[in-house]
Amino acid sequence: MRIPSELKELALKFKENGHKLYIVGGYVRDAYLKIQSLVRDDIDLCSDVTPKQLKEILNGSLFEVKNLNEKLGVMEIFGKRRYEYATFRREVYEDEGHIPDKVEFIKSLEEDAKRRDFKINAIYYDILAGEYIDPVGGISDLKEQIITTVRAPKVVFNDDPERILRLIRFASSMGLRIPDEELWYARKNSYKIQFISKFRLRKEFERLLTADSVYPELLYTKDAHFRAMVLLGEIKCWKYILPAMYEMETSKMTDHKGERIYDHTLNCLKNASPSIRLAVLLHDSAKLKTMETKNNFFGSHEFIGMIVEKNLGIDGLGYSKDIVSRVIKTIKGYDFNSLCLASKKTVKKFIFENKNVIENIIEIKTVIRNENKQNMRRVRSAEVLRNTFNQMQAENAPFTLAELAINGDDIIRNFPQINVENIDDLLDELLFKAALSPINNRKENLLILANKLINSKRDYYIDQ
C-alpha cells in the first residue's frame, strides 16, 4: 500500500504513547484491490486514542488537530494533507437519523468494526506493521465480488437509512452482487430515506448518478450509473428522491413504441454524459400529466417546468436555481426543430437564447434518439444545431456582453438623453442582433442600430 511518509511519522507518535494507528475504509479497500478511485486520496484514520488524548499526543508537533465532531470522536489531523480521524467506538441509534444518538469510546478494533456498514469498508491497515487486519471478512467479500453488511442487515439499515444508498453506490461502482437478504431489508427500510437531510440525500444521489466515474478502469462498471438507477427502483427509493421517477415507475403507460416510459428513461441514461443525466431522467416526466389532462403526449412544455422544480428545486432535492433552469431548458430544447423545418434565422435565435445549454441540448437529442444503442447514429436535428452553432462561433458571433463591441459608456456618450436604467435592455437587444448577424458587431454599426432601437421605443429609452 502507498503510504504518505508523514503518516509513518504520525504512527510513530502514537507508538511512542503506547497506541497503534490504523487506516480504515475506502483507501484500504481500494489499495487491496490495486485500483485507483476518485476518492483514493481520502484517507481515514482510527485508533483507541480519544480526542482529548489526540490533542495531547500531537501538541507541539508538526501536526495540527481540529474538532470535526468531538462528541463522536471524529477529528481532523492536518500535516501536508488532511486526514479524518475517529476513535474506536460503539454506537446507539434511537431514530432514523444518520448520526448516532449515543457513542461509547472503546479500546477494541474488533468492536469498532461492528459499527461499520459493510464488511468491505471494515478492513484495517496497521501502518507501522504494514499488514491488513480483517476482523469481519471484508477481504473474502472482495474476492467473491459481493457486498454484505457487518451485522445483520435488518439492524444495519434500520439504524441508518443512508446505508441503503451506500449499498447501491458500492454495488454499482464496484460491480458487486447484493445478496437477497441485504436487498430485502434495504427495500423494507427504504421508506426511512425520507428522514435523510436534503443535503446528504442530494450528495448521495449525485454519487449514484456518476457511479460509472469512480472506478473507470473497471470495464464491467461502465454502466454503473445505469445499474444504480435500476437499483433505486428495485429497492423502492424513487418516491423519496425523485417523485416523478416513482410516478413513471408505478405507471403502466407506454410510449409510441410500446415501451414503458420508465424503462425508456433508464435506457436513455446509458449513453448520457453526467451533464445531462438529470435532464434525461426527467425528460418524459410530463407525459403522464399531459395524458391525464389532454389524453395525449402533446403539450408537455406546459408542465415540465413545474415538475422539474418540484423534484429538483427547494421542495425537492434542493439543487440551485441555475441547475434547475439548465435542466428545464435542456428538456424543452429536445423537441426543437425535430422535423428540421425551422429557418436558419430561427435556429440561430434558438441557439442564442439557449447558449448556456446548447451543448446539452445537442447531446440529449442524440442520446434519446439512440436509446440503448452501442453505436450512436447521427441525429439530423442535432446536426443542424451543431453545424449552425459551429458556424456562429467561426464567425465570432458574440454570445456575451463582454464580446459586444460596444458598452454602456459608449451608449451614454453618444446618446446623453438615454434613460440609464434601461441601458442593459438596449445592450441585450444589440447583443441579440449582433449574434444573429456578426458583421454588425462593430462599434459604428452598433451605434446605428442603437439609434434605430432608441427611436422605435423613445418613451422607454429616452429620459424625458
Side-chain angles (χ1 to χ4, degrees), residues 168 172 187 190 193 205 208-209 211-212 223-313 315-317 319 324 326-336 338-339 357 360-374 376-377 379 381-382:
I168 296 173
S172 301
R187 187 181 295 118
S190 64
I193 289 173
F205 178 64
L208 295 177
L209 205 54
D212 58 318
D223 293 329
H225 62 297
F226 168 76
R227 186 188 176 201
M229 299 301 105
V230 171
L231 284 170
L232 284 176
E234 290 181 359
I235 297 177
K236 307 301 179 187
C237 303
W238 281 126
K239 186 176 182 179
Y240 314 105
I241 300 174
L242 287 181
M245 284 295 289
Y246 170 73
E247 291 173 8
M248 286 188 277
E249 180 197 15
T250 54
S251 171
K252 296 180 180 179
M253 189 176 294
T254 59
D255 60 17
H256 65 282
K257 297 181 295 184
E259 183 181 24
R260 285 181 66 218
I261 292 176
Y262 178 72
D263 296 330
H264 161 73
T265 296
L266 292 181
N267 287 332
C268 288
L269 199 68
K270 285 185 178 180
N271 292 323
S273 71
S275 62
I276 67 164
R277 286 176 185 171
L278 284 173
V280 169
L281 282 175
L282 297 174
H283 82 276
D284 268 350
S285 59
K287 283 187 175 179
L288 300 181
K289 189 70 174 177
T290 55
M291 183 59 74
E292 175 189 319
T293 58
K294 302 180 180 182
N295 202 34
N296 59 53
F297 286 153
F298 300 104
S300 61
H301 284 195
E302 181 182 340
F303 304 107
I304 196 64
M306 174 187 68
I307 292 172
V308 173
E309 180 64 46
K310 179 182 177 182
N311 283 264
L312 301 183
D315 294 326
L317 285 174
Y319 280 95
V324 171
R326 291 172 69 90
V327 170
I328 293 172
K329 278 188 169 186
T330 300
I331 295 173
K332 287 185 174 181
Y334 165 69
D335 287 326
F336 172 75
S338 57
L339 298 178
V357 292
N360 289 353
I361 292 173
I362 293 170
E363 184 187 356
I364 200 171
K365 281 176 170 287
T366 305
V367 163
I368 291 176
R369 292 293 179 88
N370 283 280
E371 173 194 347
N372 216 14
K373 293 177 182 175
Q374 289 187 342
M376 301 280 276
R377 296 180 181 177
V379 175
S381 64

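By convention here, the first residue in the shown sequence is residue 1. Below, all heavy atoms of this structure are taken into account, side chains as well, without hydrogens, waters or symmetry copies.
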Query - Working for salt bridge (charged side-chain N to carboxylate O under 4.0 Å, His left out), residues D212 and R277 - result: CA-CA 12 Å; D212 58 318; R277 286 176 185 171; 2.9 Å; yes
Requested in this report: Begin with the C-alpha distance, continue with both residues' side-chain angles, and end with the deciding distance and a verdict on side-chain contact (heavy atoms from CB on, under 4.5 Å) for K332 and I361.
Outcome: CA-CA 9 Å; K332 287 185 174 181; I361 292 173; over 6 Å; no
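No side-chain donor from either of N271 and E371 sits under 3.5 Å from a side-chain acceptor of the other.
Ion pairing of K287 with E247 is absent here, as no side-chain N (NZ or NE/NH1/NH2) approaches a carboxylate O to less than 4.0 Å.
In this structure, N311 contributes its side chain and A244 its backbone to a donor-acceptor pair below 3.5 Å.
Around atom NZ of K252, no more than 12 heavy atoms belonging to other residues, nucleotides or ligands sit under 6.0 Å away. For F205, the CZ atom sits in a packed shell: over 12 heavy atoms of surrounding residues, nucleotides or ligands are nearer than 6.0 Å.
Nearest heavy-atom pair, V379 versus T366, reported as atom, atom and distance to 0.1 Å: CG2-CA, 3.8 Å. Of all the heavy atoms in L266 and M229, the pair that sits closest is CD2-CB, 3.7 Å.
A heavy-atom distance below 4.5 Å is found between the side chains of L282 and L312.
In this structure, NZ on K236 lies 10.5 Å from OH on Y240, to the nearest 0.5 angstrom.
Each of L242, V327, I276, I331 was evaluated against L281; a single residue qualifies, L242, per the side chain to side chain contact (heavy atoms under 4.5 Å, CB included) test.
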